[in-house]
Amino acid sequence: MKSLFAKKLIVANWKLYIKTQAEAKALYKSCVVVASQLKRTEMVLAVPFVFVSHMVKRKNMHVGAQDVSWAVEGAYTGEVSARMLASVGVTHVIAGHSERRDLAGDTDEQVAQKVKAALGVGLWVILCVGERERATDGSSLVVVKRELLASLKGVSRMLAGHLIIAYEPIWAISAHHPKSVDTPESTLEMAIYIRKILHDLYGKATASRIRVLYGGSVAPENIRGFLERGGVDGALVGHASASAGKFTRILHETEMSYSQDV
Ligand code: PGA
């Protein structure tokens, strides 16, 4: 399956790996240098809220946040709204990451609210879905469909054009061991299935504008397999995105990748 997009999208999810403002600035600078050389790749830096205003959009580089509030305004101590993020230059937000679902107890309903709040102010939403355990009986497909439909509840076709779906099998996140990473072959099956669900929900024209990414222990050594044989339009990278060296190699591998007709 050939990607319909002219550029692959690599999202860096810095999580809590970057410890200080100085570290964040140094990593950002090295990403700026690589971004200027890219021809077939663009990136999003999904950084902690406190670093967002230190990041500036560049060619092939977009500024993202790792979460967004479902609330629009009001007495919600500690929340950060989609509108606030947009006002400081953020264009992309992650919603429904499994770590937010686990750590902050985000429910499918709240994720759907977050998706709508962010799309409503014109942000791109990187919506994460994925099964907790790898099943051999096809039940992973059922889990992902249920999660996708619940997280997209009430999202209209008009807004859906700004969606990006990240398929992240939870068992493969932070695994960092070659054997516990998903294979391009099973990612391909899931990517096709996700596209079918999007097609059924939003029709061909809109569904074809929605990128599908793979996430879960992506590294310089395995990125090409996913891009070339996994049927995805890019990747969501956690741990390896916090290392300038590894992330640069991932971007270079992406530049050299060719999606095949599989
Ligand atoms: P990982 O994280 O690359 O460290 O597995 C991916 C993610 O959780 O987005």
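Keep in mind that the numbers below use all heavy atoms, side chains included, and drop hydrogens, waters and symmetry copies. Counting starts at 1 for both ligands and their atoms, following the listed order. Here the structure is a predicted model, which means the values were calculated and not measured.
Contact check on Asp67 versus Lys114 returns a salt bridge, with a Lys/Arg side-chain nitrogen under 4.0 Å from an Asp/Glu carboxylate oxygen. Ion pair Asp102/Arg132 flagged as a salt bridge, since at least one NZ, NE, NH1 or NH2 atom sits closer than 4.0 Å to an Asp/Glu carboxylate oxygen. Glu131 has no carboxylate O lying under 4.0 Å from a charged side-chain N of Arg146, or vice versa, which leaves the two without a salt bridge.
Heavy atoms of other residues, nucleotides or ligands lying less than 6.0 angstrom from NZ of Lys153 number 12 at most. Other residues, nucleotides and ligands contribute only 12 or fewer heavy atoms inside 6.0 Å of the CZ atom of Arg83.
Checking side-chain atoms of Ser36 against main-chain N and O of Val33 turns up a donor-acceptor pair under 3.5 Å.
Note: an N/O pair closer than 3.5 Å links His239 and ligand 1 by distance alone.
Near Glu168, the atoms of ligand 1 lying under 4.0 angstrom from a non-hydrogen atom of the residue are 6 (C), 7 (C), 8 (O), 9 (O). Within the listing of ligand 1, atoms 9 (O) sit less than 4.0 angstrom from a heavy atom of Leu236. If you number the atoms of ligand 1 from 1 as listed, the ones under 4.0 Å from a heavy atom of Asn13 come out as 9 (O). Counting atoms of ligand 1 from 1 in the listed order, those under 4.0 Å from a heavy atom of His97 are 7 (C), 8 (O), 9 (O). Near Gly238, with a cut-off below 4.0 Å to any heavy atom, the atoms of ligand 1 are 1 (P), 2 (O), 3 (O), 4 (O), 6 (C).
Look at Ser217 and you'll find a heavy atom under 4.0 Å from some atom of ligand 1. For Gly216, the closest heavy-atom approach to ligand 1 falls below 4.0 Å.
With a 4.0 Å heavy-atom cut-off, ligand 1 is reached by the backbone of Ile173 and by its side chain too.
Here the shortest heavy-atom pairing between Ser186 and Arg134 reads OG-NH1, 3.1 Å.
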